[in-house]
Amino acid sequence: MQKHGNYKHLNRICAGLIIALFCFGIFKVYFEDNLEQSAFVEIKGCIIVIDPGHGASDSGAIGTNTKVKEKTINLAVALKLKALFENAGATVIMTRDSDEKIAYNKDSDMYTRRILIRDSNADLVISIHCNRFYGSSAAAGPQVYYCKGSEKGELAAKYVQTQLNSKLAPAKKRKQTIGDYYILKSGKAPCILVECGFLSNAREERLLQQSSYQDKIASAIFAGTRQYFSTRPLQSQAQEPQSISESAQP
Ligand SMILES: [Zn+2]
């Protein structure tokens, strides 16, 4: 009888354990799902335009030592950024997602990008570039530009700049600044232009070609954007500056 009683006891313990494991499983799935959803609550549903600068016959800046083309790095970073945003539930519109030409010449190319941005209804536009400084090979560090008078653009630029400085630890930590660039004036959506680093600086030229470094850039831009969406002045309906004619190309 005692033996039978022990089995009964053991059965109860096993049943209890199975129920506990089952409940834990349900809780874990529920908790993780909610955690995942809440992790990107700021990004979910947003429309982001990503603009990888240059492309096709327009190479952009050329690396001093390796002759790498800026357009290639821009596209690589942009595609990584696209994946991060899409994974977070955003809709991403790319001005280009390959090295195919967008239009028959540079002016037409830029105009096509502007129209796409203007009609996108985007919450934020992010243009990706790499820098080059002919005066000195020592110039270094990513820098984020925004359009003069765009409060939202300035805020987004500030957060992205801070994240880039923190995650990339560049030789020189730059500050976000006003840029007089054509793409920054392409519509009502706030727009930032990210110069990811200098192709005239040997160290950064090497790093910018590394997939792991490109991952860091994309993740810094993404993190800064998340901060922007979580703290932006609750969409004061203030109009962003309208597009103004021509200006510099980055
Ligand atoms: Zn460029």
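All ligand and atom numbering here is 1-based and tracks the order in the structure.
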Answer yes or no for Glu195: is there an N/O/S atom below the 2.8 Å cut-off from the Zn ion (ligand 1)?
->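 Checking the Zn ion (ligand 1) against Glu195, no N, O or S atom falls under 2.8 Å.
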Check whether any N, O or S atom of Cys130 sits under 2.8 Å from the Zn ion (ligand 1).
->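 Looking at Cys130, which is the residue asked about, there is no N, O or S atom under 2.8 Å from the Zn ion (ligand 1).
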Minimal non-hydrogen separation, Arg174 against Ala140, with atom names =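 Where Arg174 meets Ala140 most closely, the heavy atoms are NE-O, 2.6 Å.
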Identify the two heavy atoms, one from Arg96 and one from His54, that lie closest to each other, and give their separation to 0.1 Å.
->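 Closest pair (atom of Arg96, atom of His54, distance): NE-O, 2.6 Å.
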Return yes if a side-chain donor-acceptor contact under 3.5 Å exists between Ser59 and Glu70, otherwise no.
->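 Absent: no donor and acceptor within the cut-off.
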Verify the distance criterion only: is there a donor paired with an acceptor across the side chains of Glu205 and Asn201 at less than 3.5 Å?
->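 There is no such pair between these side chains.
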Tell me, which N, O or S atom in Glu70 is closest to the Zn ion (ligand 1)?
->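 Atom name of the closest N, O or S in Glu70: OE2.
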Do you know which N/O/S atom name in His129 is closest to the Zn ion (ligand 1)?
->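 Going through the N, O and S atoms of His129 one by one, ND1 ends up nearest to the Zn ion (ligand 1).
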